[in-house]
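Reminder, nothing fancy here: chain letters follow the sequence lines and each chain counts from 1. Computation of the quantities below employed the complete heavy-atom set of this structure, encompassing side-chain atoms and omitting hydrogens, waters and symmetry-equivalent molecules.
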Number of protein chains: 2
Amino acid sequence: MGAPADHQSRLPRISDVRVTPIAFRDPPLLNVAGVHEPFALRSILEVEAEDGTIGLGESYGDTATLAALAAVAPQLVGLSPWDLAGLINAATLSITGSPATGAPYPAVADKTLAVTIGAFEVAMLDLQARLLGLPLHALLGGAVRERVPFAAYLFYKFAHHRDDPGYPADPWGEALSDADLVAQAQRMVRAYGFGSLKLKAGVFPPEREIATLHALRHAFPDHPLRIDPNGGWSLSTAKRLLPQLEGVVEYLEDPVPTLADMGQLAAETTLPLATNMVTVAFGHLPETLRLGAVQVVLSDHHYWGGLRATQRLADLARVFGLKIAMHSNSHLGISLAAMTHVAATIPNLDYACDTHYPWQEDEVIAEGRLAFAHGTLAPPPGPGLGVTLDRTALAALHQTYLTCGIRVRDDAKEMRKYDPSWSSARPRF
Amino acid sequence: MGAPADHQSRLPRISDVRVTPIAFRDPPLLNVAGVHEPFALRSILEVEAEDGTIGLGESYGDTATLAALAAVAPQLVGLSPWDLAGLINAATLSITGSPATGAPYPAVADKTLAVTIGAFEVAMLDLQARLLGLPLHALLGGAVRERVPFAAYLFYKFAHHRDDPGYPADPWGEALSDADLVAQAQRMVRAYGFGSLKLKAGVFPPEREIATLHALRHAFPDHPLRIDPNGGWSLSTAKRLLPQLEGVVEYLEDPVPTLADMGQLAAETTLPLATNMVTVAFGHLPETLRLGAVQVVLSDHHYWGGLRATQRLADLARVFGLKIAMHSNSHLGISLAAMTHVAATIPNLDYACDTHYPWQEDEVIAEGRLAFAHGTLAPPPGPGLGVTLDRTALAALHQTYLTCGIRVRDDAKEMRKYDPSWSSARPRF
């Protein structure tokens, strides 16, 4: 394989690629794996063209991702910002040791490869769009909606981190009871206008969490509800709970830990099952469909291979009758802007997108915190992603990365500070 | 739905859209439906930007397609050349009477809609690429091969059209015997270097056509062979013929007329079945896969919805273990350039592409006839498609359209000039 001979283009080539690990403050949010550590890690990508235009990206900040990004970054220098095939070739060779063999997006679950391609693809698309003076959604084929709906992401949480992280406690306080969660939801809906509510579950015995759901339903009679135990329930537990969830939630996210379990559970209910855990790569789709295991795929450009891959996933979902929603990890504004631009172009975005964004207080973009209105966000205006780097903030968050001591997210290790016997083995219940 | 507020882009908008029907000379090629008429119809699309840059497209030229293209064309004026969502919205509303409802590409077999979107999408992508000074394959994500392989497309044929078409007979002469077809193949391989041979079948009783295949195998021991009866065989005939085809052809194209028949035939053989007749829209894929009816999809940007749709089809095929080849109708250089650019970007192009191009003598592009070498074609160099309109030729071929009297291709009507009892009912054998 090889690209055709070079052409006469007026477009500048990539002259520099920078990957900066950062860490930002994160509240003690509870989940099936344990509790969030005081700092969350991300990587900030800059792909710079010869004329000084910079495309931005944001991805994971764990050691393995950073190593993969660092290995690929220098190989992009000299490429056209349009040469996504060149990116895929470089990433595939670096990460798998073999040339790309026919897959524009990783077919099987080589997550590091998909993450690496996706991270740089966003930055290269952003660079393309900035060079053209087009918003990213326009480059991606055009928006089909002006604003993208997001859901409130409700968490059981502690008031404070176990060890003093060197910064004041978050403003949300403890949330362990039904009343706490309703108050959290009310505050979040008041502040951001969210029209859907998602409860992160798998923390307490499921009946207690379902009681929280019912309290939310009472306080918010018209808000669609979701619950996500992150595979924390056994198949028999989930089967037992179905009657308490049918008619209450719009979908049930990752109740059980395996695709086979999801298939068996789906056979027992008309409640749509959603996932960001068992169907996380294109190669998982044939078996997912064969088993009828999933009705809603929570797409995520960070690990599906980028924004074009996210569009292709949505297209494929439409063809095969799957619904599309959107998954989130702890993230800052570059990721949120990318999510919003691509979501604006997807006609069959069937549910409000997840986002952890309200839980974050730090930011790395010069525009400051992006502002939800009525639970929705418009793609930031201007060329590309519509956001630019705040270099002072980037330097400070990089300094935090250097000093925070965290190199791989480990919610279980953090939880063992509270409970030395903690295990994050699943299913928990 | 609605697009976000307009942005400040330096890019020109679409200022004019022209659709010109043309007719060009076509030899009397035989197939299951009858025989090619003396003229084949196409439409030539020009999408012009405010700065005078023109994007080109080529599609079908029948009355229904022309009406759909004419209805949509004026609605593109004022759009950004990047606004493919705007194209899809305009085309969907014009053709179906309803707004676009979530399908970036038509999910079901509304062929006119997919054709219309695809026709203008190519021209808009060509316009984008020309505005950037990028070859079209680069805009599409980058080429993964320098040259695209094509197959020799062999036809049984008459020496002359029944009625004098007003132009000299084609140089290929009559081809009705095994020896004629071997001579045709030898001449075509000598002239173009094709490395694969496809026999258009469904014309004579199948044993006679398989004898031709065996004669071709004898003359070309190393060339992969294909046969395409266009659904002309009954299921029982096809089952009977399987042992004579297994190990002889690389795939068997549309032996039987329905998807259900294809599924039943596929269950009896390991010979891959290919189609451009029963799986021709994204909405057909779930049932195709459920039945295991097709192993090779012959993609065609003209009716799958454009070049991005062709890439998505290839991606989806990879995910679900289908192979990809490429279908052709009678066409000129704009279509050939588009096929070649997109094929260069598809990693999993598993077989040489079909093309009728060697059967055509007319051309509408200023570059003249595109030249195969060693059976392959490189994407024409330069920005966009790399081909430009020969306006004198366009005017002459449009004049031919006006005077030729053909408005919808009808191979059966033409065949009835030779055999008044001719019926193109399928299966024939």
Pair A:Phe320-B:Phe320, side-chain contact (heavy atoms from CB on, under 4.5 Å): steps then yes or no: CA-CA 12 Å; A:Phe320 288 95; B:Phe320 288 94; 3.5 Å; yes

Pairing residues for A:Ala73 by the side chain to side chain contact (heavy atoms under 4.5 Å, CB included) criterion, not counting sequence neighbours: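 Expected list: A:Val17, A:Val19, A:Phe120.
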
For B:Ala274, all residues meeting side chain to side chain contact (heavy atoms under 4.5 Å, CB included), sequence neighbours excluded: B:Tyr251, B:Glu253, B:Val296, B:Leu298

Examine whether an atom of B:Leu289 lies under 4.5 Å from a heavy atom of chain A, and if so say whether it belongs to the side chain, the backbone or both; otherwise answer neither.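 The answer is the side chain of B:Leu289.
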
Heavy-atom cut-off 4.5 Å, strictly under: side chain, backbone, both or neither for B:Pro286 against chain A?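 Contact with chain A involves both backbone and side-chain atoms of B:Pro286.
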
Might you point out which heavy atoms bring B:Ala85 and A:Ala143 nearest each other, and give the distance in Å?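 Minimum heavy-atom contact is CB-O, 4.1 Å.
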
Rounded at 0.5 Å granularity, tell me how far CZ in A:Arg308 sits from CG in B:Asp315. 12.0 Å

Going through the checks in order, is the side-chain contact (heavy atoms from CB on, under 4.5 Å) test met by B:Gln311 and A:Arg312? CA-CA 9 Å; B:Gln311 292 181 307; A:Arg312 290 183 191 214; 3.7 Å; yes

Does A:Trp82 form a side-chain contact (heavy atoms from CB on, under 4.5 Å) with B:Leu132? I'd like the steps, not just the answer. CA-CA 10 Å; A:Trp82 270 261; B:Leu132 301 183; 3.5 Å; yes

Non-hydrogen side-chain atoms of B:Arg290 and A:Arg290 separated by less than 4.5 Å: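 Answer no - side chains too far apart.
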
Among B:Gly142, B:Ala314, B:Gly141, which residue forms the greatest number of heavy-atom pairs with chain A at distances under 4.5 Å? B:Gly141

